Amino acid sequence: MRGVLCVLGAVLLGGCGGSEACADLGGDVLLTAQVTDNGERARVEVELRRPDLEAGSIPVKLCEHHALRVDDVDMTEVKRPSGAVIYEAELTAVSEQQAVTRRFELRADGDSSEFTAVIDAPGFAITSPVAASENSRAAALTITWDPPRGGDAKIAVKVADEIDGDACLGDPIELEEPDDGEVVVGASQIELTTNMPPPNGVCEAFVTLSRTHSAPLKLAHGGGGLHPDSRVEATTSRTVAFTSVP
């Protein structure tokens with residue numbers, strides 16, 4: 001009950017000892033976590049909101065002396081330029097080629113509750129193109145990865161200019177394909193930009209493959225509560241750089 005009073009008081013009167021709404025996770029706070037794993041690190045961002053029928057939802061933050069942890073790592077409060085507060089942490093990238101369980105621990109007034117989500121977006125490796133290889137646009141570009149997931153699983157494919165590099169290729173190629181270990185981009189599908197293309201036709205480019213999964217957060221132990229729509233949205237991606245040549 002204290003959490004509900006704290007949030008409502010903050011919204012109506014200006015905060016729980018501050019200027020922003022806070023919540024001690026008393027049972028009706030919507031927690032949304034974004035987990036982005038690129039093979040080098042896994043970045044976690046958490047947003048807390050109080051569902052409201054009229055406004056849609058109200059952003060809130062943890063009350064003083066309360067804390068949020070993910071996989072035994074303390075999350076840090078960060079204020080976005082918009083003024084909204086989020087919580088961030090950096091974890092070790094997923095190496096397991098299977099589903100992983102993420103654990104979110106909520107601490108409030110000496111009590112602790114843990115919520116878990118099973119993320120079925122396992123790690124993988126891009127096996128072709130090989131990093132730093134040259135690949136002709138006049139030939140098909142074969143992209144392979146291991147292990148595939150098979151079944152009805154999908155994987156997102158993106159082929160584009162080098163990240164933060166000069167414009168060189170045309171519009172990125174973005175596909176959603178079966179996660180069966182191979183996709184072929186046809187000959188001449190990758191094109192040079194029409195706006196000042198490089199005279200030698202050589203471009204630094206990359207391939208990114210991404211698996212995504214959404215999973216609900218479920219109470220593992222403790223007496224805390226979250227809104228039933230609380231969940232984790234996860235992306236596991238891998239990127240390889242190559243040189244696109246005529």
Side-chain angles (χ1 to χ4, degrees), residues 1-38 41-91 94 100-121 156 210 212-237:
M1 182 60 70
R2 178 180 178 275
V4 175
L5 293 177
C6 179
V7 172
L8 291 179
V11 173
L12 297 174
L13 301 177
C16 298
S19 60
E20 296 172 305
C22 72
D24 66 356
L25 303 153
D28 195 33
V29 173
L30 178 65
L31 187 157
T32 303
Q34 302 282 343
V35 181
T36 307
D37 183 326
N38 65 6
R41 64 175 186 169
R43 181 181 179 83
V44 185
E45 292 188 359
V46 166
E47 182 181 57
L48 303 174
R49 302 186 76 87
R50 171 71 65 181
D52 181 86
L53 293 177
E54 294 183 3
S57 62
I58 301 168
V60 294
K61 67 176 185 177
L62 294 176
C63 289
E64 190 176 2
H65 306 308
H66 297 167
L68 177 60
R69 290 164 61 85
V70 56
D71 291 356
D72 298 321
V73 175
D74 292 327
M75 301 202 74
T76 303
E77 182 179 302
V78 176
K79 182 175 285 188
R80 286 174 168 162
S82 64
V85 169
I86 63 170
Y87 297 86
E88 295 182 344
E90 190 168 306
L91 308 177
V94 171
V100 298
T101 299
R102 294 295 185 188
R103 298 178 292 109
F104 292 82
E105 182 186 6
L106 311 176
R107 295 181 176 178
D109 297 329
D111 296 325
S112 174
S113 297
E114 184 174 277
F115 296 81
T116 60
V118 178
I119 305 302
D120 191 13
S210 303
T212 60
H213 186 74
S214 178
L217 276 165
K218 298 182 178 180
L219 180 64
H221 69 74
L226 290 175
H227 190 278
D229 290 339
S230 295
R231 60 196 311 101
V232 177
E233 307 286 345
T235 300
T236 301
S237 66

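Note that this is a predicted model, so its numbers are computed, not measured.
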Self-check item: Residue pair A108 / H66: nearest heavy atoms and the distance that separates them
Solution: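 Smallest interatomic distance, heavy atoms only, reads CA-CD2, 3.4 Å.
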Practice problem: Looking only at non-hydrogen atoms, find the nearest pair between A215 and V118 and report the distance. | Solution: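 It is CB-O, 3.3 Å.
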Quiz item: Can you name the side chain to side chain donor-acceptor pair (under 3.5 Å) partners of R41, sequence neighbours left out?
Solution: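 R41 satisfies side chain to side chain donor-acceptor pair (under 3.5 Å) with E90 only.
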Quiz item: Is it true that a side-chain atom of S210 and a backbone atom of A156 form a donor plus acceptor pair closer than 3.5 Å?
Solution: no
Self-check item: Any donor-acceptor N/O pair, S230 side chain to L31 backbone, under 3.5 Å
Solution: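 Here the side-chain-to-backbone pair exists.
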Quiz item: So R50 and V29, side chain to side chain contact (heavy atoms under 4.5 Å, CB included) or not? Walk me through it.
Solution: CA-CA 5 Å; R50 171 71 65 181; V29 173; 3.7 Å; yes
Quiz item: Do the charged groups of R103 and E105 touch, with an N to O distance under 4.0 Å?
Solution: no
Any side-chain heavy atom of [X] within less than 4.5 Å of one from [Y]?
X	Y	result
L91	V35	no
V60	C22	no
V44	M75	yes
I86	R80	yes
L106	L68	yes

Quiz item: Among E45, E47, K61, R69, whose side-chain contact (heavy atoms from CB on, under 4.5 Å) with Y87 holds?
Solution: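 Looking at E45, E47, K61, R69, the match for Y87 under the side-chain contact (heavy atoms from CB on, under 4.5 Å) is K61.
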Quiz prompt | Qualifying salt bridge (charged side-chain N to carboxylate O under 4.0 Å, His left out) pairs, either residue in residues 216-232, two or more places apart | solution =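 Pairs touching residues 216-232 that pass the test: R231-E233.
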